[in-house]
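Predicted model, so just to flag it, every value in this text is computed and none were measured.
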Amino acid sequence: MSEILKNPYKLSILIGAIFISGMLLGSFGYLGYLKANAQNDPQPQTYNTELPELIEEERETSDDADRFNILLMGHGGAGHSGGGLMDAIMVVSVNTTDKKASIISIPRDYWFSGHKLNADPSIRDAVTAITGLFITNQITIDFNNFVKMIDNLNGITVDAKKAYVDNFYPVRGKENDLCGFSNEKIVEVHQKYTGFELEKQFLCRYETISYGVGLNSMNGEEALKYVRSRHGDGDFGRSMRQFEVLKAILQKGNISVVSKALSFVKTDLNNDSLSLLITQIGNPLEYSISYLGLSDQNVLTNSKSSQGAYILIPKSGVSIKDYIKNSI
């Protein structure tokens with residue numbers, strides 16, 4: 001292990017393998033393992049080794065390809081409305097035979113077994129039923145720890161493909177602010193408006209956030225706003241923004257700062273399983289990485305539940321499992 005820590009190239013490969021395999025959050029446990037072993041080295045060293053550019057290209061998939069699938073989930077956590085519901089649901093599927101890593105985003109409003117996916121008591125099992133992909137392991141992080149994680153990486157640089165503006169990003173702590181309205185005014189707006197149109201009348205509860213096309217430097221709070229915001233383009237655009245942030249984290253790779261993030265995630269991955277996956281992956285520089293977002297532009301359609309809630313359901317005659325199988 002000390003030989004690896006003394007070799008910046010090998011260390012880059014190790015970190016790259018962890019991240020490209022989709023364990024951008026769960027990797028911290030393994031990096032802690034590296035750090036612990038380095039303490040036994042007579043001359044322990046750390047390196048500020050940057051990851052190479054990620055490869056994005058189409059590749060054929062072998063019929064008998066070996067694959068493992070990691071479920072990534074993010075949620076509000078303590079202090080956030082609906083903090084226990086998953087706000088982001090992704091599967092990182094790694095094909096070690098053909099050197100491909102695919103990130104599959106599933107909308108939280110997907111209607112599954114009589115409720116939205118993010119309210120399912122076993123999202124892991126639900127995702128397997130929806131995608132046909134057996135989930136090997138899972139990683140979960142809440143908003144507060146996401147902010148801490150990004151800050152411990154000394155921020156990230158996100159390559160935004162589209163300009164983004166949200167005039168109604170909620171200000172934490174002002175969810176119930178009456179914005180100086182009189183009792184009469186409050187009654188009036190409640191009679192005239194419902195849902196988000198009602199919420200928009202209380203402008204003091206919101207702030208405007210904006211990002212230009214190209215490279216955007218973000219700290220933890222800024223990155224959280226970018227991945228959480230939904231009123232500028234909706235859930236499908238948000239899924240793409242989450243992917244852009246994911247890529248920015250993948251490209252960060254710095255053992256001296258990443259190893260500080262040991263306690264920021266919950267995962268069933270341990271040092272032994274991480275070591276095995278790293279062995280299976282091989283050289284991450286040979287992998288391509290791609291994104292697949294399930295949306296109303298491919299396999300889903302907008303609908304309403306019997307209670308009138310907005311939901312997404314599969315299009316008639318479409319097999320989501322086949323679509324994913326043929327796309328990754």
Side-chain angles (χ1 to χ4, degrees), residues 19-20 22 24-25 53-58 69-76 86-94 100-110 116-118 127 130-131 133 139 141 143 146-147 149-150 155-170 208-218 220-252 287-302 310-312 314-315 320 323-324 326-328:
F19 281 117
I20 291 177
L24 65 137
L25 308 180
E53 288 295 315
L54 300 178
I55 301 171
E56 296 182 62
E57 64 181 18
E58 292 187 7
N69 308 294
I70 309 294
L71 176 62
L72 304 181
M73 297 183 291
H75 64 106
M86 292 304 157
D87 207 56
I89 304 169
M90 294 183 175
V91 177
V92 180
S93 184
V94 181
K100 298 170 61 177
S102 302
I103 299 175
I104 305 155
S105 178
I106 309 169
R108 62 181 186 172
D109 291 325
Y110 185 98
K116 293 186 178 183
L117 176 60
N118 69 341
V127 167
I130 293 167
T131 64
L133 300 173
I139 300 162
I141 191 168
F143 290 169
F146 177 84
V147 170
M149 179 191 72
I150 298 298
I156 55 176
T157 300
V158 177
D159 187 5
K161 299 305 181 184
K162 293 183 179 180
Y164 182 76
V165 178
D166 181 355
N167 294 316
F168 294 97
Y169 186 85
T208 296
I209 59 173
S210 63
Y211 305 88
V213 175
L215 302 181
N216 291 262
S217 296
M218 300 182 189
E221 285 289 349
E222 292 164 340
L224 177 63
K225 290 178 180 180
Y226 190 66
V227 300
R228 187 186 176 202
S229 174
R230 62 184 304 179
H231 295 302
D233 59 6
D235 278 350
F236 303 131
R238 183 171 62 167
S239 294
M240 179 55 72
R241 283 182 273 115
Q242 291 167 355
F243 177 59
E244 290 172 352
V245 168
L246 178 57
K247 289 202 307 183
I249 297 173
L250 297 182
Q251 291 170 312
K252 187 71 181 187
Y287 278 72
S288 68
I289 184 168
S290 62
Y291 171 76
L292 177 65
L294 304 185
S295 75
D296 58 2
Q297 299 300 306
N298 43 53
V299 294
L300 304 179
T301 189
N302 301 304
Y310 170 74
I311 60 174
L312 288 156
K315 289 182 178 178
I320 292 179
Y323 177 74
I324 292 174
N326 294 330
S327 300
I328 63 174

message: Does Lys162 have more than 12 heavy atoms from other residues, nucleotides or ligands lying within 6.0 Å of its NZ?
response: no
message: So Ile70 and Val91, do their side chains get closer than 4.5 Å, heavy atoms only?
response: no
- request: Please list, chain by chain and in numerical order, all residues satisfying side-chain contact (heavy atoms from CB on, under 4.5 Å) with Val299, sequence neighbours excluded.
  value: Leu294, Val318, Ile320, Tyr323
- request: Decide yes or no for Val127 and Leu133: does some side-chain heavy atom of the first lie under 4.5 Å from some side-chain heavy atom of the second?
  value: no
query: Between atom CD1 of Ile311 and atom CG of Leu300, what is the distance when rounded to the nearest 0.5 Å?
result: 11.0 Å
field: Intermediate values then yes/no, side-chain contact (heavy atoms from CB on, under 4.5 Å), Thr157 and Asn216
entry: CA-CA 5 Å; Thr157 300; Asn216 291 262; over 6 Å; no
message: Just verifying a value: how many Å separate Ser102 OG and Met90 CE, rounded to the nearest 0.5 Å?
response: 13.0 Å
- request: To the nearest 0.5 angstrom, please state how far the CD1 atom of Ile139 sits from the CG atom of Leu71.
  value: 8.5 Å
- prompt: Does the pair Arg241/Asp233 count as a salt bridge with the N-to-O cut at 4.0 Å?
  reply: yes
task: Using a 4.5 Å cut-off on heavy atoms from C-beta on, say whether the side chain of Gln242 contacts that of Tyr291.
output: no
field: Min side-chain heavy-atom separation Phe146-Val227 under 4.5 Å
entry: yes
message: For Asp166, give me all partners under side-chain contact (heavy atoms from CB on, under 4.5 Å), at least two apart in sequence or on another chain.
response: Tyr164, Phe168, Tyr169, Ile209, Ser229, His231
query: Atom CD1 of Ile103 and atom CD1 of Ile289: how far apart are they, to the nearest 0.5 Å?
result: 4.0 Å
task: Mark yes or no for whether Lys116, through its side chain, and Pro107, through its backbone, hold a donor-acceptor pair below 3.5 Å.
output: no
Heavy-atom pair with the smallest gap, counting every atom of Ser210 and Val165: CB-CG2, 3.8 Å
- prompt: Within the distance-only criterion (no hydrogens, no angle test), does the side chain of Asn298 pair as donor or acceptor with the backbone N or O of Gly293 below 3.5 angstrom?
  reply: yes
task: Could you tell me the separation between the NZ atom of Lys100 and the CD1 atom of Ile328, rounded to the nearest 0.5 Å?
output: 7.5 Å
task: Decide side-chain contact (heavy atoms from CB on, under 4.5 Å) for Asn69 and Ser93; before the verdict, give the C-alpha distance in whole Å, the side-chain angles of both, and the deciding distance to 0.1 Å.
output: CA-CA 4 Å; Asn69 308 294; Ser93 184; 2.6 Å; yes
query: Counting N and O atoms only, with roles assigned by atom type, does the side chain of Glu57 sit under 3.5 Å from a partner on the main chain of Ser288, one being a donor and the other an acceptor?
result: no
query: Out of curiosity, Leu224 CG to Met218 CE, how far, rounded to the nearest 0.5 Å?
result: 11.0 Å
- prompt: Is the backbone of Ile324 close enough, under 3.5 Å, to the side chain of Asn326 for a donor and an acceptor to pair up by distance?
  reply: no
query: Between Tyr226 and Ala160, which heavy-atom pair has the shortest distance, and what is it?
result: OH-CB, 3.4 Å
